[in-house]
Amino acid sequence: MPYDRSAGLAESVRALAAGEVTSRQLVEACLARIEATQDSLNAFRIVRTSAALAEADAADRELADGVRRPLLGVPVAVKDDMDVAGEPTAFGCRGDFPPVAEDGEAVRRLRAAGAVIIGKTNTCELGQWPFTEGPAFGDTRNPWQLRHTPGGSSGGSAAAVAAGLVPAALGSDGAGSVRIPASWTHLVGIKPQRGRISTWPRGESFQGITVNGTLARTVADAALLLDAASGNHPQDPHQPPRLALADAVGRDPGRLRIALSLKPPFTALPARLQPDVRARVVELAEKLAALGHTVEEADPPYGQIGLSFMPRATVGIAERVREAPHPRLLDRRTLEAARLGRLLGGLPLRAARRAEAGLQRRIGGFFASYDVVLAPTTAAPPPRIGALLGLGQFATDRAMIAACPYAWPWNVLGWPGVNVPAGFVGDGLPVGAQLLGPADSEPLLVSVAAQLEAALRWHEHWPPRAVPADSPAA
């Protein structure tokens, strides 16, 4: 059957179980769409053509035998910072990387759920920046506007899902790297509680600020993928209780107290919410009020939370640079960040880690008055391709903070957040808003996001056709 790019994760599971389509048909159609768009979107670093077809055939045999698993036979993608057995994990870097021997825990769990791993998506070098470009793989482009970035660092996953190449994908989020590209490609992006999806073989990725999350067109699909990937390796230091997020989709969240937070958290460099982005977020707040929630402007007491972020981020980069097989090929900004990380790796890092509990108590007190925070995901729409690629370290930091000052505090706290589409600005560029909550609040955030989706129907809007009209995947 021809591949319907609007068939999401849950619909694909249903169609496979009903015998309306085979896994091989789904995978062949995904592979055709990837091939047809690789020159224009460049979403994938690795496409597992032979392996994915073999996995699809195995899934079809199971389906024919009556086996049912949560994602049996459905193709999904994962970001190229995740280990897939037999494939290299280059994480946006240049050079030759050896194939890894074992799946990372999140990928292992996807396979256990029956998913077919179609390939590994592009990410900027070591996931540092809100764009997905670099000499290792070229420019990954936004399917809504090819002259613009899909964001980063999970930009390849976002571009692949937004264009309908795959129904859903895993990404990772260390300072907004799931939520920012979800915002800039009109997707739902869930950054879960720290430890909800394992980052093993790294018990704590980037000193605990980075977690794995999901990108999809609908809340239900993002929750379904998150449920399938969730769980822990026995040696994971963070093992939150297991949740069934799919059960929260469609659940009435009740009448909530929602804080509309428009002020950027403190940063050492200037950041200003652009008026057109502000207008879209305020419209979302008005929709929440129309749905019966109490919405008022209020900002969490962030204080100088940035002092706890920088040591953890740069030490994490320094750790990755030490392991890099070709450090001389790394971006000069990566090497500068690693040098800073080596300086901050002693007392400053220990102080940053100790500060987390106090920050959680102080900001957690805010949730005595409010149930959910609604904030912009970014301060600006996606920049053009190349706008940040050639900048120096300070200019890059300045541009990043100006565009993306809102997401990173929740990485320090380790708490969940969900990006939801907020509409479009300018020449049809997507922007989004975050629903943020305290520890273990994913079910509440998902229920609110699903309530908004039912009212706004954002999943019915697609980017312009990115597949050539004569392609078999069109």
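Every value quoted in this text rests on a predicted model; they were computed, and no experiment measured them.
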Which heavy atom of [X] sits nearest a heavy atom of [Y], and at what distance?
X    : Y    : result
P300 : S261 : CD-OG, 3.5 Å
S172 : D81  : OG-OD2, 2.6 Å
A439 : P416 : CA-CD, 4.4 Å
A271 : P264 : O-CG, 4.0 Å
P181 : G176 : CD-O, 3.7 Å
A337 : I317 : CB-CD1, 3.9 Å

Could you check if a side-chain atom of [X] sits within less than 4.5 angstrom of a side-chain atom of [Y], using non-hydrogen atoms only?
X    : Y    : answer
Y406 : T377 : no
L359 : V412 : yes
K79  : S153 : yes
E204 : P237 : yes
T149 : P383 : yes
L225 : L71  : yes
V84  : D103 : yes
H293 : P253 : yes

Check whether [X] reaches the backbone of [Y] with its side chain - one donor and one acceptor, N or O, closer than 3.5 Å.
X    : Y    : value
D331 : R333 : yes
K191 : W415 : yes
D83  : G104 : no
T132 : G151 : yes
R217 : V161 : no
S441 : L444 : no
T123 : S154 : no
Q274 : P381 : no
N42  : D139 : yes
N212 : S198 : yes

Under 4.0 Å between a side-chain nitrogen and a carboxylate oxygen: does that hold for [X] and [Y]?
X    : Y    : result
R255 : D371 : no
R257 : E296 : no
K120 : D80  : yes

side-chain contact (heavy atoms from CB on, under 4.5 Å) evaluation trace for L256 with T294: CA-CA 6 Å; L256 303 177; T294 299; over 6 Å; no

Enter the distance from [X]:[atom1] to [Y]:[atom2] here, rounded to the nearest 0.5 Å.
X    : Y    : atom1 : atom2 : result
S177 : I209 : OG    : CD1   : 9.0 Å
R361 : E356 : CZ    : CD    : 11.0 Å
R194 : D236 : CZ    : CG    : 12.5 Å
S12  : D221 : OG    : CG    : 8.0 Å
R354 : L349 : CZ    : CG    : 9.5 Å
T396 : E336 : OG1   : CD    : 9.0 Å

Could you give the side-chain donor-acceptor pairs of residues 278-292 under 3.5 Å, partners two or more places apart or in another chain?
from: R280; atom 1: NE; to: E283; atom 2: OE1; distance (Å): 3.1
from: R280; atom 1: NH2; to: E283; atom 2: OE2; distance (Å): 2.9

Test log, rule side-chain hydrogen bond (donor to acceptor under 3.5 Å, both in side chains), inputs T378 and W184: CA-CA 9 Å; T378 68; W184 284 347; 3.2 Å; yes

Over 12 foreign heavy atoms within 6.0 Å of CZ, R111: yes

Pair listing, ring-ring contact (aromatic ring centres under 6.0 Å, His included) test, anchored in residues 206-252, at least two apart: W200-H233

For I190, the option from L435, N419, V418 that meets side-chain contact (heavy atoms from CB on, under 4.5 Å): V418

Member of I117, V107, T199, L110 meeting the side-chain contact (heavy atoms from CB on, under 4.5 Å) criterion with M82: V107

S205 and R320: CA distance, side-chain angles, deciding distance, side-chain hydrogen bond (donor to acceptor under 3.5 Å, both in side chains) verdict: CA-CA 10 Å; S205 184; R320 300 287 182 130; 3.1 Å; yes

Full working for side-chain contact (heavy atoms from CB on, under 4.5 Å) between L260 and L374: CA-CA 5 Å; L260 173 61; L374 174 69; 3.9 Å; yes

Cation-pi check, R179 onto W410 ring (under 6.0 Å, within 45° of axis): no

Q193 and L243: CA distance, side-chain angles, deciding distance, side-chain contact (heavy atoms from CB on, under 4.5 Å) verdict: CA-CA 11 Å; Q193 175 83 11; L243 299 173; over 6 Å; no

Salt bridge (charged side-chain N to carboxylate O under 4.0 Å, His left out) against R109, all qualifying residues, sequence neighbours excluded: E105

Verdict with reasoning, Y302 to K263, per side-chain contact (heavy atoms from CB on, under 4.5 Å): CA-CA 11 Å; Y302 289 116; K263 182 181 178 182; over 6 Å; no

Stepwise side-chain hydrogen bond (donor to acceptor under 3.5 Å, both in side chains) check, Q128 with T334: CA-CA 8 Å; Q128 299 169 83; T334 300; 2.7 Å; yes

